[in-house]
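So the structure is just underneath, and the comments pick up after that.
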Amino acid sequence: MSYFNNKVVVVTGGSDGIGKALVDALMAEGAKVATCGRNYDKLYHLKTKYPDRPLFVHTADVSKEADCKNFIEEVIVLFGTIDILINNAGISMRALFEETELDTLRRVMDVNFWGTVYCTRFALPYIKQRKGDIIAISSVAGYRGLPGRTGYNASKFAIHGFLEALRTELLETGVNVMWVCPGFTASNIRNAALTKDGTPQGYTPLDEGSLMSAEECAALTIKAIAQHNRTLVYTWNDKRTILLNKLFPKLADKLVHNFFYKKGELVK
């Protein structure tokens, strides 16, 4: 029997990308799934895929505390508890720090970091009762600073520190806390990435066809959740980057700079 069978799983940001792939994978595993997002039409379309299955969709902006509180309360009304929380909702950015409006940085931090904090705080009492799982879809950018992504890096570093502290606090409660670090993944996050003035980038500079699919990411993630892993870094290249940054930070600075800059211009 699947680890997720009849468990109540909350996935934030489930209308697109990895979040949507997680919802589909969890439904296939027999879970009762609740998800939220800002786009009602996408959520409605997702719901129509499972007309007679236990899938709850809710329109919410995770950067708003009240929206997160209302979402979790609605999940409890419908399902009675929460076994697993997957903090997936997130937004990226592409702009040099000196050109970026502070409101853009604030928006990234509010969605990525505070959205994780709010949903975790409101779901925690129920997860503790069930000795469940708290997960965040983070990034290698939570281990290594990347040019053009200062706000994104700050939010992911903050998530790692928050979850590591929380994991230690909950060490004897039976709750497992895990953060997952995809590298470049074929998803909508680059199209929706904020530019310096906070408007969506609207395109991706990468060859999406060569990247890991959202479905592959979801499959690896739910396997790691079932195994109660502490962390999950998807690829060998990402593991190598993290290790290199830890052992030889000055060399990592140069290699990362060369990867993201061509002829003096930020290109990725």
Side-chain angles (χ1 to χ4, degrees), residues 17-18 88 90-113 116 136-165 178-214 216-217 220-221 224 229-268:
I18 295 174
N88 167 77
I91 194 166
S92 188
M93 62 166 288
R94 300 287 185 277
L96 296 175
F97 173 70
E98 63 181 342
E99 299 174 353
T100 303
E101 294 182 8
L102 293 179
D103 280 346
T104 300
L105 299 177
R106 218 171 267 120
R107 174 64 179 162
V108 173
M109 202 71 181
D110 284 346
V111 172
N112 294 357
F113 175 66
T116 296
I137 306 300
S138 184
S139 170
V140 175
Y143 290 99
R144 164 71 220 185
L146 307 175
R149 295 155 176 81
T150 48
Y152 185 71
N153 276 119
S155 68
K156 297 302 184 179
F157 269 75
I159 287 171
H160 287 194
F162 166 65
L163 291 180
E164 190 167 69
M178 180 178 78
W179 46 103
V180 175
C181 299
F184 289 118
T185 305
S187 71
N188 192 51
I189 193 168
R190 275 169 296 284
N191 295 316
L194 303 184
T195 57
K196 60 186 179 181
D197 61 359
T199 56
Q201 186 175 16
Y203 70 95
T204 173
L206 300 177
D207 176 13
E208 297 281 312
S210 66
L211 306 180
M212 183 180 291
S213 70
E216 289 177 285
C217 292
L220 290 170
T221 298
N229 287 9
R230 183 181 190 271
T231 59
L232 171 63
V233 180
Y234 284 4
T235 70
W236 163 244
N237 283 339
D238 294 331
K239 293 175 183 177
R240 183 176 59 185
T241 298
I242 294 168
L243 183 62
L244 184 65
N245 192 62
K246 184 175 182 179
L247 298 178
F248 306 103
K250 286 187 177 181
L251 175 60
D253 290 343
K254 292 180 181 179
L255 293 175
V256 170
H257 180 275
N258 292 341
F259 180 79
F260 282 94
Y261 280 87
K262 303 299 178 187
K263 297 181 180 180
E265 294 289 330
L266 185 69
V267 296
K268 294 185 182 293

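Numbers here are sequence positions counted from 1. Hydrogens, waters and symmetry mates play no part in the numbers below; they use all other heavy atoms, side chains included.
A salt bridge links R106 to D103: one of the charged nitrogens lies within less than 4.0 Å of a carboxylate oxygen.
The distance from the CG atom of L244 to the CG atom of L251 is 5.0 Å, given to the nearest 0.5 Å. In this structure, CG in N245 is found 8.5 Å from CD1 in I242, a value given to the nearest 0.5 Å. The distance from atom OH of Y143 to atom CH2 of W179, rounded to the nearest 0.5 Å, is 6.5 Å. One finds the CG atom of L232 at 6.5 Å from the CG atom of L220 (value rounded to the nearest 0.5 Å). Between N229 atom CG and T231 atom OG1 the span is 7.0 Å, to the nearest 0.5 Å. Here the CG atom belonging to L163 is positioned 10.0 Å from the CZ atom belonging to R230, to the nearest 0.5 angstrom.
A 6.0 Å sphere centred on CZ of F248 holds no more than 12 heavy atoms belonging to other residues, nucleotides or ligands.
Looking at every heavy atom in both residues, L194 comes nearest to R107 through CD1-CG, 3.7 Å. When every heavy atom of S138 is checked against every heavy atom of Y152, the shortest pair comes out as O-OH, 4.4 Å. Nearest heavy-atom pair across I159 and N112 is CD1-O, 3.3 Å. In plain terms, the two heavy atoms of A154 and M109 that are nearest each other are O-CE, 3.8 Å. Contact record, G142 with H160: O-ND1, 3.3 Å, taken as the closest heavy-atom pair. Closest approach of L266 and Y261 over heavy atoms only: N-CD2, 3.6 Å.
You'll find the side chain of T195 stays beyond 4.5 Å of the side chain of E101, heavy atoms only. L105 has its side chain within reach of M93: a pair of non-hydrogen atoms, C-beta onward, lies under 4.5 Å apart. Counting heavy atoms from C-beta outward, C181 and D238 have side chains that stay 4.5 Å or more apart. Within the 4.5 Å cutoff, side-chain heavy atoms of V180 are placed close to those of Y234.
A donor-acceptor distance shorter than 3.5 angstrom exists from the side chain of N153 to the backbone of L146, with no hydrogens or angles considered.
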**OP:** Carefully, step by step, assess E216 and S213 under the rule side chain to side chain donor-acceptor pair (under 3.5 Å).
**Re:** CA-CA 5 Å; E216 289 177 285; S213 70; 3.2 Å; yes
